[in-house]
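Order of appearance sets the numbers: ligands from 1, and atoms from 1 within every ligand. Residue numbers count from 1 along this sequence.
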Amino acid sequence: MEAQIQTLKKQLLAAERVAVMTGAGISAESGVPTFRGADGLWKNYRAVDLATPEAFDRNPRLVWEFYNWRRALISKLTFNAAHAALVKLETKVPSFTLITQNVDGLHNRAGSRNLLEIHGNLWQVRCLQCQEIILDESPDMGELPTCEQCGSLLRPNVVWFGESLDQATLNRAMQACRDCEIMLVIGTSAIVQPAASLALEAKQGGAVVAEINIEQTPHSYFMDYTFQGKAGEIVPRLVEDWK
Ligand code: BV8
Ligand code: ZN
């Protein structure tokens with residue numbers, strides 16, 4: 001692995017255009033539960049069953065309880081060495097795009113700038129009626145928060161299963177993956193679409209693609225590099241002793 005890290009590090013140093021895709025695994029060492037890992041449960045519910053418009057229509061109180069639980073938990077956590085290493089990488093690469101499936105806001109807090117949050121952001125809420133989007137970082141939004149403008153129910157401004165992603169954001173992510181010379185894919189199980197198709201876009205665009213994950217994924221077979229280990233240990237080594 002060490003030789004591979006040194007080789008990839010040299011390639012990153014020489015690259016003009018780099019794209020990075022992160023999933024829940026990059027925040028695991030910060031203490032944020034992943035979706036599909038052993039910690040992916042909440043009160044015996046699976047996150048994927050609560051992160052849907054149907055669940056919200058059926059029981060908005062339960063879904064808000066789930067999101068308030070995540071807000072309260074994540075508000076006590078902070079970014080880790082992997083998030084910080086990507087901020088350093090961004091300062092060194094002429095054209096750098098960070099694409100994240102995560103809604104925890106830890107990349108923003110670490111200082112990433114060119115960031116595409118393709119599944120939205122837990123710290124934003126949206127009014128069901130007037131569509132007003134508000135940044136609200138309070139750990140607990142209350143049982144059924146309502147819009148100050150029109151009094152309607154608010155929802156987390158995240159993309160739920162069955163909902164389409166913001167097309168402009170997705171197009172920018174697609175373009176960055178098609179154009180890049182190197183793509184790092186960090187801490188994602190490569191199951192959720194269309195996010196998982198972005199690594200294929202990079203590969204088909206001729207990029208060198210590297211996966212960093214504690215386990216193999218359905219995409220490992222087409223990776224140029226597969227680093228089996230923790231993001232918090234491997235990502236900083238890719239940018240260490242860079243001047
Ligand atoms: C859409 C926001 C349609 C909410 C999220 C059947 C087949 C194929 C697709 C589908 C299907 N049925 C339905 C679909 C589509 C569906 C989908 O992909 N479902 C999956 C479950 C099969 N997709 C959608 O619904 C998307 N929309 O398709 O729209 C459409 C089209 C046109 C018009 C109208 C509609 C919307 C998907 C977005 C859902 N929202 N999040 C919230 O967070 O509350 S997705 C959610 O899962 C999170 O964003 C999360 O990031 C994402 C993906 O999971 P991962 O990030 O990969 O996390 P996971 O836990 O799975 O894995 C963690 C990984 O990290 C593991 O590999 C682990 O080994 C690794 N790891 C752990 N620790 C570490 C580590 N790695 C390194 N270091 C460590 N320390
Ligand atoms: Zn409103």
Side-chain angles (χ1 to χ4, degrees), residues 21-42 45-56 63-64 66-71 73-74 80-83 85 99-107 116-134 145-167 169-170 184-199 210-220 226-236:
M21 160 64 81
T22 63
I26 198 170
S27 297
E29 288 154 89
S30 292
V32 182
T34 60
F35 267 71
R36 285 162 197 85
D39 57 358
L41 281 179
W42 174 75
Y45 291 96
R46 291 183 331 126
V48 289
D49 297 332
L50 291 164
T52 70
E54 295 75 22
F56 190 70
V63 174
W64 262 114
F66 171 55
Y67 279 90
N68 280 325
W69 172 77
R70 285 170 77 189
R71 294 169 75 100
L73 172 72
I74 297 168
N80 62 54
H83 297 98
I99 302 153
T100 189
Q101 300 172 77
N102 301 339
V103 298
D104 56 32
L106 294 186
H107 284 303
L116 299 175
E117 294 180 307
I118 58 171
H119 291 162
N121 186 311
L122 189 69
W123 306 109
Q124 291 172 355
V125 287
R126 187 170 84 231
C127 173
L128 293 181
Q129 284 308 320
C130 65
Q131 299 300 317
E132 173 100 356
I133 293 181
I134 308 140
T146 51
C147 171
E148 278 165 19
Q149 309 304 326
C150 72
S152 305
L153 188 57
L154 296 174
R155 60 163 281 178
N157 192 36
V158 298
V159 179
W160 279 328
F161 289 101
E163 294 186 321
S164 39
L165 282 63
D166 173 72
Q167 204 50 52
T169 309
L170 185 59
L184 306 181
V185 182
I186 306 169
T188 180
S189 58
I191 292 170
V192 172
Q193 295 299 348
S197 61
L198 291 170
E211 181 180 70
I212 295 152
N213 198 312
I214 54 172
E215 61 188 16
Q216 295 284 307
T217 74
H219 284 181
S220 299
T226 52
F227 297 108
Q228 195 135 348
K230 291 186 173 181
E233 288 162 16
I234 293 174
V235 184

Item to complete: Report, as yes or no, whether the 6.0 Å neighbourhood of atom CD on Gln228 holds more than 12 heavy atoms from other residues, nucleotides or ligands.
Response: yes

Discussion item. Would you say that more than 12 heavy atoms from the other residues, nucleotides or ligands in this model lie under 6.0 Å from the OH of Tyr45, or not?
Written reply: no

Please find the pair of heavy atoms, one from [X] and one from [Y], that lie closest to each other, and give the distance.
X: Gln131; Y: Leu128; result: NE2-O, 3.1 Å
X: Ser152; Y: Cys127; result: CB-SG, 3.8 Å
X: Asn102; Y: Ser27; result: ND2-OG, 3.7 Å

Fill in: Pocket residues of ligand 1, ordered first by chain and then by residue number (heavy-atom cut-off under 4.0 Å)
Gly23, Ala24, Gly25, Ala28, Glu29, Thr34, Phe35, Arg36, Tyr67, Arg70, Gln101, Asn102, Val103, His119, Val158, Val159, Trp160, Phe161, Gly162, Glu163, Ser164, Leu165, Gly187, Thr188, Ser189, Ile191, Val192, Gln193, Asn213, Ile214, Glu215, Gly229, Lys230, Ala231

Check: [Y] and [X] side chains under 4.5 Å, non-hydrogen atoms:
X: Pro33; Y: Leu73; answer: yes
X: Leu106; Y: Ser30; answer: yes
X: Val158; Y: His119; answer: no

Discussion item. Strictly under 2.8 Å of the Zn ion (ligand 2): which protein N/O/S atoms qualify?
Written reply: Cys127 SG, Cys130 SG, Cys147 SG, Cys150 SG

Item to complete: Give, for atom CH2 of Trp64 and atom CG of Leu50, the distance between the pair rounded to the nearest 0.5 Å.
Response: 13.5 Å

